[in-house]
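Here's the structure we're looking at; comments come further down.
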Amino acid sequence: MDARCRSTKPTTTTKVKAKSTTIDGNSTKASDALVLPLYFTNAVFFTLFFSVVYYLLSRWREKIRNSIPLHFVNPSEIVALIALVASFVYLIGFFGIDFVQSLFLRPSTEVWTSVDDDERSIVKDDSRKVPCGAAIDCSVPPQVSPAVVSVLKSVDSLPVSIKLNEEDEEIVKSVVVGTTPSYSLESKLGDCARAAAIRREALQRITGKSLYGLPLDGFDYDSILGQCCEMPVGYVQIPVGIAGPLLLDGREFSVPMATTEGCLVASTNRGCKAIHLSGGANSILLRDGMTRAPVVRFATAKRAAQLKMFLEEPENFETLALVFNKSSRFGRLQNIKCAIAGKNLYMRFSCSTGDAMGMNMVSKGVQNVLDFLQEDFSDMDVIGISGNFCSDKKPAAVNWIEGRGKSVVCEAIIKGDVVRKVLKTTVDALVELNMLKNLVGSAMAGALGGFNAHASNIVTAIYIATGQDPAQNVESSHCITMMEAVNDGKDLHVSVTMPSIEVGTVGGGTQLASQSACLNLLGVKGANRDAPGSNARLLATIVAGSVLAGELSLMSALAAGQLVKSHMKYNRSIRDIATVSSS
């Protein structure tokens with residue numbers, strides 16, 4: 001998200017720019033968009049349309065008789081084709097000139113006080129009597145109920161944080177009473193920033209709650225339309241700190257971390273320092289493949305088993321791969337693993353996805369295969385394209401064992417002097433704590449992929465900063481941290497194994513300005529044209545290397561008994577709470 005600094009001083013009200021469609025109180029009519037009278041204009045275009053059609057058909061019939069190619073046209077035919085297109089465009093809007101006018105002029109206030117035919121049908125079936133301005137497809141009968149009137153009266157006294165002109169004020173009122181659905185503002189206005197401002201004001205009036213403190217200005221709302229967020233009313237500011245440099249595979253990286261948890265960046269930074277002073281860390285990419293697992297059902301378990309055997313037959317893989325790979329230039333089918341539950345079959349497809357995280361890519365490929373299989377297995381009933389055997393955004397043993405996304409191991413040997421001077425502990429203390437906490441303690445808790453100290457902290461902070469899906473920290477944080485004394489007990493070998501790091505450098509939130517800047521800082525912005533997929537793989541190793549640094553530092557703080565002290569120092573506000581509360 002593109003967050004900008006805001007002054008702590010009271011801000012002046014923001015005026016939403018919009019052209020008024022009324023002059024001297026008279027509303028602009030739809031037919032005013034036409035130069036000639038409406039009846040005369042209609043007659044002209046009707047006559048033009050049918051005359052041109054007759055002329056072109058006659059000309060084409062003569063060409064066919066004389067064996068002249070139809071695409072050979074003379075100047076008169078070119079003029080006729082242009083006239084045909086022009087008259088056709090006009091006739092599309094014949095029964096609604098407002099549509100033609102909306103292409104050139106901003107909608108008048110009449111648009112916002114009227115209800116479309118489709119919306120009227122919804123209103124007739126809607127028995128709700130309270131205003132609904134932000135729900136999906138929620139319309140309220142035009143007859144304003146006493147409850148609505150009381151809400152409007154109660155909010156009139158609220159301070160208005162946005163200065164609105166008369167047209168926007170009418171739109172806000174129509175959203176409050178439910179005449180205009182909140183979700184349709186962007187499409188009707190054609191201005192995403194203005195839609196967000198109007199939606200925000202309507203929300204404040206409906207709820208009676210102020211959104212002061214939630215920024216509105218300074219964000220490109222066009223960049224999120226249709227891909228990142230629906231019905232925006234502002235954006236949340238999250239500070240971004242830098243940990244590093246992280247010396248990984250011979251290269252230095254300054255790692256951006258978006259978080260509100262004090263001590264996290266400082267702790268990760270200390271781990272990066274310890275790694276750097278010890279010669280750096282090394283990473284190994286074990287696997288790279290996104291998964292999707294549809295569930296299908298048959299009449300009998302025997303038929304489900306027959307499809308399972310067909311899919312797992314090596315001779316059939318090439319055919320299935322050709323069908324799957326048609327969906328994308330980068331999506332390449334790697335393998336299919338199946339599991340049966342009664343007469344239900346779960347098919348786990350795995351494929352490479354280039355520099356994209358790849359969920360949409362693999363889903364399209366799976367749909368192609370399902371359509372292909374329907375020809376030979378017509379009795380197959382597709383229950384869902386995702387049957388949770390994938391498994392996405394949920395802790396699952398299949399991800400822990402088989403992996404999902406990028407599977408990475410990152411390791412480093414920390415010198416004994418660095419352990420003592422930088423991490424303020426000993427090698428033996430770290431090895432013992434790791435065994436009793438990360439291994440035995442996690443086993444006692446029945447952990448699934450959680451054999452670590454706080455991998456999720458680092459993963460989530462980097463994900464938010466770089467535009468990844470934060471919800472995928474669930475499986476991406478699967479990690480086992482290992483520590484062992486080496487070199488006659490003098491040094492520490494530490495490693496993290498993370499089988500399910502799901503990241504991408506294109507698509508989704510990665511294209512937003514702030515997140516794109518963080519990716520650029522790491523040198524992995526966008527797609528790598530020379531080696532497709534290498535940017536996403538590099539980002540995954542950076543995530544693992546940062547987790548290694550975070551694990552090393554937190555475990556050292558625990559071993560040295562410094563956790564509480566450091567959090568009290570760095571995770572507590574120094575501002576006067578009494579003063580803040582009274583302001």
Over all atoms of both residues, closest heavy-atom pair of Ala301 and Gly342: CB-O, 3.4 Å
Give a yes or no on whether Glu318 atom CD has more than 12 heavy-atom contacts from other residues, nucleotides or ligands under 6.0 Å away. no
State whether the side chain of Ser442 and the backbone N or O of Leu439 hold a donor-acceptor pair below 3.5 Å, judged by distance alone. no
Correct closest heavy-atom pair for Ser386 and Cys390 would be OG-SG, 3.6 Å
So, for Glu186 and Cys192, which heavy atoms are closest and what is the spacing to 0.1 Å? CG-SG, 4.0 Å
Looking at Arg297 and Ile383, would you say the former's side chain and the latter's main chain have a donor-acceptor pair under 3.5 Å? no
Test item: Phe451 and Thr481 side chains (from C-beta on) under 4.5 Å apart, heavy atoms: no
Less than 4.5 Å apart, side chain to side chain, heavy atoms only: is that true for Val459 and Val543? yes
I need the single residue from Met361, Met359, Gln367 that forms a side chain to side chain contact (heavy atoms under 4.5 Å, CB included) with Arg292. Which is it? Met359
Measure up the Tyr235 and Phe219 rings against each other and bin them: parallel (under 30°), tilted (30 to 60°), perpendicular (over 60°). parallel
Sub-4.5 Å side-chain heavy-atom contact between Ser267 and Glu261: no
How long is the span from the CD1 atom in Ile242 to the SG atom in Cys518, to the nearest 0.5 Å? 6.5 Å
If we only count heavy atoms from C-beta on, is the Asp288 to Ser352 side-chain gap below 4.5 Å? no
Within a strict 4.5 Å, meaning less than it, do heavy atoms of the Arg332 and Asn325 side chains meet? yes
With distance as the sole test, does Thr541 use its side chain to make a donor-acceptor pair with the main-chain N or O of Leu538 at under 3.5 Å? yes
Evaluate side chain to side chain contact (heavy atoms under 4.5 Å, CB included) for Leu189 paired with Ile198, printing each intermediate quantity in order. CA-CA 10 Å; Leu189 286 170; Ile198 291 174; 3.8 Å; yes
Under the 3.5 angstrom rule, does the side chain of Ser553 hit a backbone N or O of Ala549 as a donor-acceptor pair? no
Provide the closest heavy-atom pair for Val496 versus Ala544 in the form atom of the first, atom of the second, distance. CG2-O, 3.6 Å
CG of Asn473 to CD1 of Ile462, rounded to nearest 0.5 Å, is 12.0 Å
I'd like to know if Glu230 and Arg199 make a salt bridge, using a cut-off of under 4.0 Å between side-chain N and carboxylate O. no
Do other residues, nucleotides or ligands put more than 12 heavy atoms under 6.0 Å from the NZ atom of Lys394? yes
Side chain to side chain contact (heavy atoms under 4.5 Å, CB included) between Val265 and Val255, intermediate numbers included: CA-CA 9 Å; Val265 178; Val255 183; over 6 Å; no
CA sep, side-chain torsions, deciding dist, call: Tyr346, Val295, side chain to side chain contact (heavy atoms under 4.5 Å, CB included): CA-CA 5 Å; Tyr346 297 81; Val295 53; 3.5 Å; yes
Looking only at the side chains, is there a donor atom on one of Ser391 and Asn399 sitting less than 3.5 Å from an acceptor on the other? no
Just so I know, are the side chains of Asp355 and Phe330 near enough to count as touching, which here means a heavy-atom distance under 4.5 Å? no
Between Ser546 and Ile542, is a side chain to side chain contact (heavy atoms under 4.5 Å, CB included) present by the stated rule, with each step listed? CA-CA 6 Å; Ser546 302; Ile542 293 172; 4.1 Å; yes
If the plane angle is over 60° it's perpendicular, under 30° parallel, otherwise tilted; pick one for Phe377 and Phe298. perpendicular
On a heavy-atom basis, the closest approach of Pro239 and Thr260 is CD-CG2, 4.1 Å
Polar side-chain atom of Asp249 near backbone of Ser283 as donor-acceptor pair, under 3.5 Å: yes
Does atom CG of Asn360 have more than 12 heavy-atom neighbours, drawn from other residues, nucleotides or ligands, at distances under 6.0 Å? no
What distance separates Leu548 CG from Leu246 CG, expressed to the nearest 0.5 Å? 8.0 Å
Return the minimal non-hydrogen interatomic distance between Leu370 and Met347, and the atom names on each side. CD2-CE, 3.7 Å
Leu320 versus Leu373: any side-chain heavy-atom pair under 4.5 Å? yes
Output the distance between atom OG1 (Thr259) and atom CG (Leu264), rounded to the nearest 0.5 Å. 5.0 Å
Could you tell me the separation between the NZ atom of Lys273 and the OG1 atom of Thr268, rounded to the nearest 0.5 Å? 15.0 Å
I'd like to know if the side chain of Glu502 and the backbone of Met357 have a donor-acceptor N/O pair within less than 3.5 Å. no
Reported CZ-to-CG distance for the pair Arg404 and Asp392, which is rounded to 0.5 angstrom: 4.5 Å
Would you say the side-chain atoms of Glu475 pair up with the backbone N or O of Ile501, donor to acceptor, closer than 3.5 Å? no
Just by distance, do the side chain of Gln468 and the backbone of Gly504 share a donor-acceptor pair under 3.5 Å? yes
Given Glu402, which partner from the list Arg287, Arg348, Lys337 fulfils the side chain to side chain donor-acceptor pair (under 3.5 Å) test? Lys337
Distance-only, no hydrogens or angles: does the His454 side chain make a donor-acceptor pair with backbone N or O of Gly550 under 3.5 Å? yes
Using only atom types and a distance under 3.5 Å, with no angle test, would you say the side chain of Lys308 pairs donor to acceptor with the backbone of Gln306? no
Would a 4.5 Å heavy-atom cut-off, applied to side chains only, mark Leu521 and Phe253 as touching? no
